[in-house]
Amino acid sequence: MTDRASIEIALDEARAAAARGEVPVGAVVTDAAGTVLARAGNRVEEMHDASAHAEMLALRAAAAQRGDPRLRDCTLTVTLEPCPMCAQAASMFRLRRVVFGAYDPKGGGVDHGARIFAASSCHHVPEVVGGVREAECAALLREFFAARR
C-alpha cells in the first residue's frame with residue numbers, strides 16, 4: 001500500500017472522528033506487505049482519556065492483534081504530525097516508518113516542539129515522511145476548528 005493510499009484510510013478515520021465531535025485526526029498501521037493491521041480516529045472526548053489519540057489507539061490495536069509489543073516492520077500513517085506522546089510511542093513500538101500529512105507547529109513532536117526522534121535519549125528512530133497530502137489533511141483540521149468558533 002502506498003503512503004497516499006494509507007493516508008486516505010487515515011483521512012476516513014479523521015472524518016469519522018470529526019463526525020463524533022472529536023478533533024479530526026486519523027491513523028492506520030500497516031505491515032511490510034501493506035496489510036492494514038489497525039485503524040483509528042481520535043476518541044479523547046468519547047473515552048474521557050487524554051491519551052486516546054488516533055495513533056495510540058491504532059498502535060495498541062496493531063500490537064494486540066499481533067501479540068507483540070514491537071511493530072518493527074510496520075508503518076504508522078497519520079493525518080497530523082504526531083505529538084510528543086505519540087512520537088515517543090512510535091519509538092517504543094519500534095516502528096519502521098512514520099508517515100504524516102499536516103505539520104503541527106504548535107503541538108507536533110517530530111519536526112516541531114520536542115523533536116522526539118532527534119533527542120539523544122530516543123532509543124529507536126523510525127524513518128519519517130511528512131507532508132503527504134498535507135493540504136487536504138490541514139484543511140480538514142481548519143474546517144473543524146472554524147466551525148467551532
Side-chain angles (χ1 to χ4, degrees), residues 3 6-31 35-134 136-145 147-149:
D3 293 343
S6 291
I7 205 85
E8 184 61 40
I9 294 170
L11 277 162
D12 288 345
E13 289 293 333
R15 291 180 196 107
R20 294 189 303 271
E22 300 278 355
V23 174
V25 177
V28 60
V29 177
T30 53
D31 66 14
T35 302
V36 173
L37 300 177
R39 54 191 287 173
N42 276 357
R43 291 189 178 274
V44 171
E45 302 302 325
E46 175 187 334
M47 297 175 79
H48 310 289
D49 179 354
S51 73
H53 290 195
E55 303 97 314
M56 298 297 291
L57 298 172
L59 288 168
R60 289 173 184 153
Q65 194 235 6
R66 279 203 157 169
D68 189 344
R70 286 162 216 78
L71 301 170
R72 289 185 175 95
D73 67 331
C74 294
T75 297
L76 169 68
T77 303
V78 61
T79 56
L80 181 64
E81 176 183 349
C83 72
M85 173 183 69
C86 294
Q88 187 63 48
S91 177
M92 300 304 285
F93 278 96
R94 305 292 194 262
L95 290 171
R96 182 177 62 85
R97 296 177 79 222
V98 173
V99 175
F100 65 88
Y103 290 87
D104 188 356
K106 282 178 142 180
V110 177
D111 281 351
H112 296 89
R115 297 182 181 170
I116 296 299
F117 302 140
S120 61
S121 59
C122 185
H123 296 292
H124 172 78
V125 179
E127 174 190 349
V128 176
V129 177
V132 177
R133 292 177 67 177
E134 177 182 6
E136 190 175 355
C137 292
L140 184 61
L141 288 156
R142 272 194 312 277
E143 291 164 11
F144 176 82
F145 287 111
R148 281 162 172 59
R149 292 186 183 117

Looking at every heavy atom in both [X] and [Y], which two are closest together, and how far apart are they?
X: R96; Y: T75; value: NH2-OG1, 3.3 Å
X: D68; Y: L71; value: O-CD2, 4.3 Å
X: F144; Y: A18; value: CD1-CB, 4.0 Å
X: I9; Y: R39; value: CG2-CZ, 3.4 Å
X: R133; Y: E8; value: NH2-OE1, 2.7 Å

Point-to-point distance, once rounded to the nearest 0.5 Å, from CZ of F100 to CD1 of I7: 9.5 Å
Reported CG-to-CZ distance for the pair L76 and R97, which is rounded to 0.5 angstrom: 11.0 Å
Below 3.5 Å, can you tabulate the donor-acceptor pairs from side chains in residues 107-117 to any protein atom, sequence neighbours excluded?
residue	atom	partner	partner atom	Å
H112	ND1	E81	OE1	2.8
R115	NE	D111	O	3.0
R115	NH2	D111	O	3.1

Sidechain-backbone polar pair: N42 side chain, V23 backbone, donor-acceptor under 3.5 Å: yes
Check: G26 main-chain N/O paired with T79 side-chain donor or acceptor under 3.5 Å: yes
Side-chain heavy atoms of C74 within contact of L37, under 4.5 Å: yes
Heavy-atom check, side chain of D49 versus side chain of R43, under 4.5 Å: no
May I have the list of side-chain donor-acceptor pairs in residues 53-63 shorter than 3.5 Å, sequence neighbours left out?
residue	atom	partner	partner atom	Å
H53	NE2	A50	O	3.3

Residues 82-92, side-chain donor-acceptor partners within the protein, below 3.5 Å, at least two apart:
residue	atom	partner	partner atom	Å
S91	OG	H124	N	3.3
S91	OG	H124	O	2.8

Check ion pair R20-E45 (N to O, under 4.0 angstrom): no
